[in-house]
Amino acid sequence: MEGLSPNHLKKAKLMFFYSRYPSSNMLKMFFSDVKFNRCITSQLIKWFSNFREFYYIQMEKFARQAINEGVTAADDINVSRDSELFRALNMHYNKANDFEVPERFLEVAQITMREFFNAIVGASVLTLTFPKSHL
DNA sequence: TTGCCTCCTG
DNA sequence: CAGGAGGCAA
């Protein structure tokens, strides 16, 4: 019925730093000590789905914050280990802070942030161009 | 139908 | 995070 321990959850979170969309096969390799069945697989996939939700919610949150703080160019957005965004994400996926988050994750997070920034700015431009009834 | 995903709740 | 609803592709 189960097979996934709290440690597996912690391990999954660390894996998230490397891939946001691990395939079921990748999961099977990463969790080679687990006897997979539909429930286990679904469980793990659900975890990553939840991880992504949190990730994207934070992205939108901080992208809007940057806009409100006056940032006008996506290129002015940078994500480093001392960024508020990173602190929020690290707190969520690496609570114990006993793992060194790969540099690659910072790069990806920054790219994501910029994409959200542009998407939000773009959307606001639309509402300004086509106000009220026209949308 | 099955599998995976997002969205929304609690 | 778990559950359930609902969309979508295989």
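Lettering follows sequence order; numbering is per chain, from 1. All values reported here derive from a predicted model rather than from experimental measurement.
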Just the table, please: protein N/O against nucleotides 5-7 of chain B N/O, every pair under 3.5 Å.
from	atom 1	to	atom 2	distance (Å)
B:dT6	OP1	A:Tyr21	OH	2.6
B:dT6	OP1	A:Arg52	NE	3.4
B:dT6	OP2	A:Ser49	OG	3.4
B:dT6	OP2	A:Arg52	NE	3.4
B:dT6	OP2	A:Arg52	NH2	3.1
B:dC7	N4	A:Lys46	NZ	3.4

Please report the closest heavy-atom contact between A:Arg114 and A:Ala74, naming both atoms and the distance.
NE-O, 3.2 Å
Measure the distance from CD on A:Gln43 to P on B:dG3 and round it to the nearest whole Å.
16 Å
Could you list all the ring pair (Phe, Tyr, Trp, His ring centres under 6.0 Å) pairs where at least one residue sits in residues 95-114 of chain A, not counting sequence neighbours?
A:Phe17-A:Phe99, A:Phe17-A:Phe105
Please give, in whole Å, the distance from B:dG3 P to A:Phe36 CZ?
15 Å
All heavy atoms of A:Ser19 vs all of A:Phe48, minimum pair found to be O-CE2, 3.6 Å
Taking NZ in A:Lys11 as the centre, count heavy atoms belonging to other residues, nucleotides or ligands within less than 6.0 Å. Is the count above 12?
yes
Using only side-chain N and O atoms of A:Arg38, determine if any of them is under 4.0 Å from OP1 or OP2 of B:dT2.
no
Does A:Arg104 make a cation-pi contact with A:Tyr18 (under 6.0 Å, within 45 degrees of the axis)?
no
A:Trp47 CH2 to C:dG3 P, in whole Å, measures 12 Å
Mind calculating the distance between CG (A:Asn37) and P (B:dT2) to the nearest angstrom?
16 Å
Return the value, rounded to whole Å, for the distance between atom CD1 of A:Ile40 and atom P of B:dG3.
15 Å
Should A:Thr112 and A:Tyr55 be marked as a side-chain hydrogen bond (donor to acceptor under 3.5 Å, both in side chains) after you check the CA-CA gap, both sets of side-chain angles, and the distance that decides it?
CA-CA 10 Å; A:Thr112 306; A:Tyr55 180 80; 3.0 Å; yes
